[in-house]
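Have a look at the structure below, then the notes.
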Protein chains: 2
Amino acid sequence: METTKTVREQILDHAISLMMLRGYNGFSYRDLSDLVGVKTSSIHYYFPSKDDLVLEAVHAYTREVQDAVKTIDAGLPAEGKLAKFAKMFGRTLGDGDHICLCGMLAADIETLPEPVRLAVQAFFKANEACLTQIFAEGASDGTLATSATPEQAARAFFAALQGAGLASRLFRTKSRLEEVEASFKLSKQK
Amino acid sequence: METTKTVREQILDHAISLMMLRGYNGFSYRDLSDLVGVKTSSIHYYFPSKDDLVLEAVHAYTREVQDAVKTIDAGLPAEGKLAKFAKMFGRTLGDGDHICLCGMLAADIETLPEPVRLAVQAFFKANEACLTQIFAEGASDGTLATSATPEQAARAFFAALQGAGLASRLFRTKSRLEEVEASFKLSKQK
DNA sequence: GTCTATACTAAGATAGAC
DNA sequence: GTCTATCTTAGTATAGAC
């Protein structure tokens, strides 16, 4: 029962993976050509320009991540939801040499056109909105820190996850995401 | 009394600035040529390869940042030191369209040679070591959160600063660094 | 929809004159 | 130390045959 992917989907998947690894300016149509097995001119057929390709990549990635976030059990305590969110964020990164696509593109943003900036902003906003709710709950049930507003805490936490992704890969370790989680909880971890 | 900079210094300064803006793969010797006013072949005279250039840039940048960090008043309470550190981190970023050189290179790390990775790791370690001491003090004087160990908190905080730098620029705002600071303090901000 | 062929531009780098 | 000139490769992109 294998659902064979179209060439278009393969291109998009590999483009996302390559950008998570090397960034927008660190991969080429030739790389995609080698991976997918079609000529670069064929890739231009699906995605006329590289800008078109990134934009679609961000949309697809955002959808994917948001679908995963939605599966977080609403019955969990805030602390548990936060842990789940952090774990899922780590899992989308694969073997350890990839970072979040939108974190990467945020680094490359000054070389990208405005529509891409807006799409990456939308990704951040969606995740921060989800986290804001978790921190608001955490303030009520007393499991999460309250020194900042839920909005501030959510943005700081998401920034910390992005930064921890960078550092994890830099040091070739996996532990940095968990440290972030521990730092935003009120009770000491065992 | 103006100390005229050598061509070599100008190249290095502009290289650092360009990388903080567009990343390693987003600038060229031609860009530097235009900015400094010498031909690209002259730049190769000082820095034979682009790898040589980045490596020296990281060293110079690390020295610069560490010198600034050392000026933090030892008499300050931990909370105050943390605020100073965050403020200084923000100030090295300039107008708002630059991010930390080593945060940027951490994003580009998979396209860079091992010596650069080690140098960027050293930058992270030095800053995290400084922050570890601040968080240890903060645990004693009761101004900073203690849900994680000082080492964990330091790494999480530094990651949050890096992530906040990315987000600040993405959204063209400046407030995100302060939110990070607020989230790591125990007492509510006024 | 995929190919060959081909622009065109840019990139990193080197040789050798001045 | 800086230049001109050149090399080589790679990059995005397009035209047109199949």
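- Contacts of Ile16(B) classified as side chain to side chain contact (heavy atoms under 4.5 Å, CB included), with partners at least two apart in sequence or in another chain: Met20(B), Ala57(B), Ala60(B), Tyr61(B), Leu101(B).
- Ranked by how close their nearest DNA chain C nucleotide is to the 5' end, Ser42(A) and Arg30(B) are led by Ser42(A).
- Among the atoms of the strands shown, only primed sugar atoms or phosphate atoms (P, OP1, OP2) are found under 4.0 Å from some heavy atom of Tyr29(A).
- As rounded to whole Å, 14 Å separates atom C1' of dA10(D) from atom CZ of Phe27(A).
- Taking all atoms of both residues into account, the shortest heavy-atom contact from Leu21(A) to Arg169(A) is O-NH1, 3.0 Å.
- In terms of heavy atoms, Asp73(A) sits closest to Lys81(A) at O-CE, 3.5 Å.
- The backbone N or O of Leu170(A) lies less than 3.5 Å from a partner atom in the side chain of Arg117(B), making a donor-acceptor pair.
- Chain A approaches DNA chain C over the interval dG1(C) to dT4(C), counting the first and last nucleotide 5' to 3' with an atom under 4.0 Å from its heavy atoms.
- Between Asp141(A) and Glu79(A) the shortest side-chain heavy-atom distance does not fall below 4.5 Å.
- Base engagement by Ser41(A) is indicated by at least one non-hydrogen atom pair under 4.0 Å involving a base atom.
- Across all strands, Phe47(B) comes closer than 4.0 Å to no nucleic acid atom at all (heavy-atom distances).
- Judged purely by atom type and a 3.5 angstrom limit, Thr173(B) has no side-chain atom pairing as donor or acceptor with the backbone of Ser168(B).
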